[in-house]
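Notes follow once the structure below has been shown.
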Amino acid sequence: MFRCPKCGGLLDVSVKDLQWSPKGSGIWRYADMLPLKSGVTMGEGRTPLIESRLKRNLWIKFDGANPTGSFKDRGMALGVTVARESGANKVIVASTGNTAASAAAYAARAGMRAYVVLPKGNVARGKLVQAALHGAEILVVDGFFDKALDLVMEYGTKYAYPLNSFNPWRLEGQKTTAFEIYEDLGCPDNVVVPVGNAGNIYAIWKGFKELNMLGLCPKLPRMIGVQASGAAPLARAWREGLRVPLFVERPSTVASAIRIGKPVNWMKAFIAVQESGGMLVEVDDGEILRAQALLARNDGIGAELAGAASVAGALSLDLPGTTVAVVTGHALKDPDIVEVKTVQVPSHEELMRILER
Ligand code: F0G
């Protein structure tokens with residue numbers, strides 16, 4: 001499913017008669033750039049672009065401000081609509097958590113059942129809670145995300161409509177990130193994106209290219225993909241000049257959303273980076289944690305760790321011109337990662353002493 005019968009590569013969507021005529025709000029504001037003109041919606045998209053205080057010319061596209069707290073909602077709105085129109089009543093995803101939360105919510109809204117296949121012990125608490133809250137059937141497998149995805153691709157698609165990012169309709173929704181950045185800022189010089197299964201970096205690149213085809217973004221941004229060093233098959237392949245990545249059997253990083261060793265969209269990510277003159281880089285867990293704290297304390301932005309990886313990348317690189325770092329998920333997704341310090345207040349005198357300091 002969704003593979004070319006000749007070469008085995010993943011399929012792509014090509015929208016005929018692209019037209020730039022934004023109206024309304026959210027992703028459907030760009031209906032004339034999308035393969036569908038309307039669909040299931042919760043107002044996804046229209047997320048803020050925030051000027052950062054961490055570095056000159058750095059902007060944060062805060063996609064944690066989507067309805068379920070991650071960028072996945074952009075694609076899920078479209079994907080669930082296609083699923084419903086194709087007559088399906090069940091959807092299925094493998095997930096490190098955010099796709100599951102989003103699929104669960106959008107399936108609920110569309111009146112469909114959602115099955116989410118999760119790697120045991122590798123999913124942040126907030127995301128699990130969302131999947132449960134929205135009534136998804138939660139299926140847990142031993143192993144990493146990559147195994148869950150293999151199972152969905154091999155068996156799941158026979159029974160339910162798959163909504164992982166190998167499904168190109170999802171990427172059509174996600175490309176709207178580029179349109180929003182363009183409306184708010186014009187064409188930046190660099191767009192930095194965290195990379196896990198590697199669909200989003202391609203989706204955003206596709207969005208910019210479509211603007212360019214319409215003469216709107218004459219100088220395209222460089223696409224810069226950031227992986228966590230314990231789960232960085234693409235950044236490594238890029239650095240070593242390999243045409244095909246060596247996958248990572250046991251991916252490891254604090255950023256569980258991108259704890260992925262075998263990104264299904266690897267070829268699309270290479271295309272985005274190659275065509276745009278960008279790069280794939282890695283950051284270590286320390287840099288990711290530090291970027292999360294810096295963003296939270298200086299910009300007021302609560303990013304989940306995978307989302308902060310793009311900022312870690314932007315801070316570690318010397319990038320000329322304007323840079324947009326996409327923060328893909330909200331800090332509340334993974335509350336267990338943050339150390340909470342409290343101060344016991346035994347009396348009002350003690351309270352006053354503390355407040356006086
Ligand atoms: N950031 C967050 C917060 C994510 O949840 C993901 C992917 C990514 C970045 C990477 O995006 O896969 O398009 O390269 N999460 C998937 C999931 C794998 O199951 O929620 P990508």
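As the structure lists them, so they are numbered: ligands from 1, and atoms in each ligand from 1.
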Students should be able to answer this: which protein heavy-atom is nearest to [atom], and at what distance?
{"atom": "atom 20 (O) of ligand 1", "answer": "Thr99 N, 2.8 Å"}
{"atom": "atom 10 (C) of ligand 1", "answer": "Gly196 N, 3.5 Å"}
{"atom": "atom 11 (O) of ligand 1", "answer": "Phe71 CZ, 3.5 Å"}
{"atom": "atom 12 (O) of ligand 1", "answer": "Asn197 N, 2.7 Å"}
{"atom": "atom 13 (O) of ligand 1", "answer": "Asn200 N, 2.8 Å"}
{"atom": "atom 9 (C) of ligand 1", "answer": "Thr328 OG1, 3.5 Å"}

Do other residues, nucleotides or ligands put more than 12 heavy atoms under 6.0 Å from [X] [atom1]?
{"X": "Arg290", "atom1": "CZ", "value": "no"}
{"X": "Met153", "atom1": "CE", "value": "yes"}
{"X": "Arg3", "atom1": "CZ", "value": "yes"}

Residue [X] vicinity, atoms of ligand 1 by number, heavy atom under 4.0 Å:
{"X": "Gly199", "value": "13 (O), 14 (O), 21 (P)"}
{"X": "Ser95", "value": "17 (C), 19 (O), 20 (O)"}
{"X": "Thr96", "value": "15 (N), 16 (C), 17 (C), 18 (C), 19 (O), 20 (O)"}
{"X": "Val195", "value": "14 (O)"}
{"X": "Asn98", "value": "2 (C), 3 (C), 4 (C), 5 (O), 20 (O)"}

| message | Is Ile260 close enough to touch ligand 1? Criterion: a residue heavy atom under 4.0 Å from a ligand atom. | response | yes
| message | Could you check whether any heavy atom of Ala198 sits closer than 4.0 Å to an atom of ligand 1, since that is the contact criterion I want to use? | response |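 So Ala198 counts as touching ligand 1.
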| So among Val116, Val117, Val93, which one has a side-chain contact (heavy atoms from CB on, under 4.5 Å) with Val152? |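 Exactly one option meets the side-chain contact (heavy atoms from CB on, under 4.5 Å) with Val152, and it is Val117.
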Counting heavy atoms only, which part of [X] comes closer than 4.0 Å to ligand 1: side chain, backbone, both or neither?
{"X": "Ile258", "value": "side chain"}
{"X": "Glu304", "value": "side chain"}
{"X": "Lys333", "value": "neither"}

| Using 4.0 Å as the upper bound for N to carboxylate O, is an ion pair formed by Lys206 and Glu210? |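 So Glu210 pairs with Lys206 through a salt bridge.
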| Ionic contact status for Glu44 with Lys72, cut-off 4.0 Å |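 Salt bridge flag = no for Glu44 with Lys72.
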| task | Report yes if some N/O of Lys72 lies less than 3.5 Å from some N/O of ligand 1; otherwise report no. | result |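 By distance alone, the answer is yes.
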| So is there a nitrogen or oxygen of Ala306 less than 3.5 Å from a nitrogen or oxygen in ligand 1? | no
| task | Only heavy atoms count here, so choose which of Ser70, Ala255, Ala269, Ala257 is nearest to atom 4 (C) of ligand 1. | result |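 When every heavy atom of Ser70, Ala255, Ala269, Ala257 is considered, Ala257 comes closest to atom 4 (C) of ligand 1.
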| query | Aromatic ring centroids of His134 and Tyr106 under 6.0 Å? | reply | no
| query | With a 4.5 Å heavy-atom cut-off, do Leu10 and Asn265 have their side chains touching? | reply | yes
| Is there side-chain contact between Ser165 and Asn197, with at least one heavy-atom pair below 4.5 Å? | yes
| query | Between Thr253 and Ile288, what is the shortest heavy-atom contact and its length? | reply | OG1-CD1, 4.3 Å
| task | Quick one: sort the Phe62 and His330 rings into parallel, tilted or perpendicular, breaks at 30° and 60°. | result |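 Judged by the thresholds at 30° and 60°, the geometry between Phe62 and His330 is tilted.
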| Criterion salt bridge (Lys or Arg N to Asp or Glu O under 4.0 Å) against Glu180, the qualifying member of Arg46, Lys175, Lys61 | Lys61
